[in-house]
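A quick write-up on the structure given underneath.
When a ligand or atom number is given, it counts from 1 through the structure's own listing order.
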Amino acid sequence: MTVLEVRAVSFAHGAGRARTLALAPTDLSIEAGRSLALTGRSGAGKSTLAEIVLGLRRPAAGSVRIQGAPWTDPRRSPPRDRRRLVQGIPQDASASFVPSRAVGAQIAAALRRLDVATGREAAARVVRAAEIAHLDPALLDRRPGELSGGQAQRAAIARAVALEPALIVADEPTSALDGHTSDAVAVAVLELAATLGTALLIVTHDASLAARCDDRREIVAPRAAG
Ligand code: ADP
Ligand code: ADP
């Protein structure tokens, strides 16, 4: 089944003579259980495309479909539905949690907020998700500042997994980590497609991570318009 379909999607900053194309028209698709690496130089538009797929930006043109349904204007669908379908793993996972509260409680809160699970069921799901992310469930009781960089990335993987989305978008999920940790986290992310049947879109400039994905797509920077 095709989970993500991107057709002629582009994005621009500014308007009129100040309009600058940030993403040239791009096509791609990802099937369930498959991973695709978005590669390309810095400034090519990779994060812009990731943000469009996450529903954080609206494309200037083109269409995005998730499981066959239009996603081009995600503001029209409730955040709850969007977040249940598409989850992100950011580059700086630690900053994506609030500092004052244990990460496990934050993941459970996301499950409640999105009407996925409550109470014991939510707690059990969080532990299962931590195991899938190779995060020691004992660390779920820690606040983000009490986790190492690699542990925080795994907590973000667990958050994405707990919601059982159809698509996970990971934007440079290993770039803030040292070599050894980076490799272990990359393995945990890549496993998700095969283990859970999730479609995976991974933004990376790490050639070895890109090589381990099922497919690769190079994004080429658009020429400045106007
Ligand atoms: P990548 O992830 O491939 O490094 P980005 O998607 O972050 O690329 O950026 C794509 C382009 O958009 C770059 O040329 C960047 O400079 C430009 N850009 C990003 N934010 C803005 C902004 N607020 N105003 C104008 N241009 C921007
Ligand atoms: P909500 O829509 O519930 O308010 P947030 O904006 O806090 O959600 O983010 C929800 C999910 O999207 C989190 O898993 C978060 O890590 C992820 N996310 C948000 N922005 C990005 C991004 N730029 N890159 C990757 N993941 C992101």
Checking [X] side chain against [Y] main chain: does a donor-acceptor pair fall under 3.5 Å?
| X | Y | answer |
| --- | --- | --- |
| Arg125 | Ala162 | yes |
| Glu146 | Arg143 | yes |
| Thr39 | Ala37 | no |
| Thr2 | Leu4 | no |

What protein heavy atom lies closest to [atom]? Include the residue and the distance to one decimal.
| atom | value |
| --- | --- |
| atom 17 (C) of ligand 1 | His13 CD2, 4.0 Å |
| atom 8 (O) of ligand 1 | Gly45 N, 3.1 Å |
| atom 12 (O) of ligand 1 | Ala22 CB, 3.3 Å |

(request) Look at atom 3 (O) of ligand 1 and find which of Arg19, Gln91, Lys46 reaches it with the closest heavy atom. (result) Lys46
(message) Please state which option from Gly43, Gly14, Ala50 has its nearest heavy atom closest to atom 1 (P) of ligand 1.
(response) Gly43
Element-labelled atoms of ligand 1 that are located less than 4.0 Å from some non-hydrogen atom of [X]:
| X | value |
| --- | --- |
| Ala44 | 1 (P), 3 (O), 8 (O) |
| Thr48 | 5 (P), 6 (O), 9 (O), 10 (C) |
| Ser47 | 1 (P), 2 (O), 6 (O), 7 (O) |

(message) Heavy-atom count check: over 12 atoms from other residues, nucleotides or ligands less than 6.0 Å from Arg216 CZ?
(response)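 Count over threshold, so yes.
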(request) Run the contact test for Arg41 against ligand 1 with a 4.0 Å cut-off on heavy atoms, strictly below, and give the result. (result) yes
(message) Is atom 15 (C) of ligand 1 touching the protein, meaning some protein heavy atom lies under 4.0 Å away?
(response)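 So far as the 4.0 Å threshold goes, atom 15 (C) of ligand 1 is out of reach of every protein heavy atom.
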(message) Taking Leu28 as the starting point, is it possible to reach Leu56 by hopping between hydrophobic residues whose side chains are less than 4.5 Å apart?
(response)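 Yes, Leu56 connects to Leu28 through the hydrophobic network.
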(message) Measuring only between side-chain heavy atoms, which start at C-beta, is Glu191 closer than 4.5 Å to His134?
(response) yes
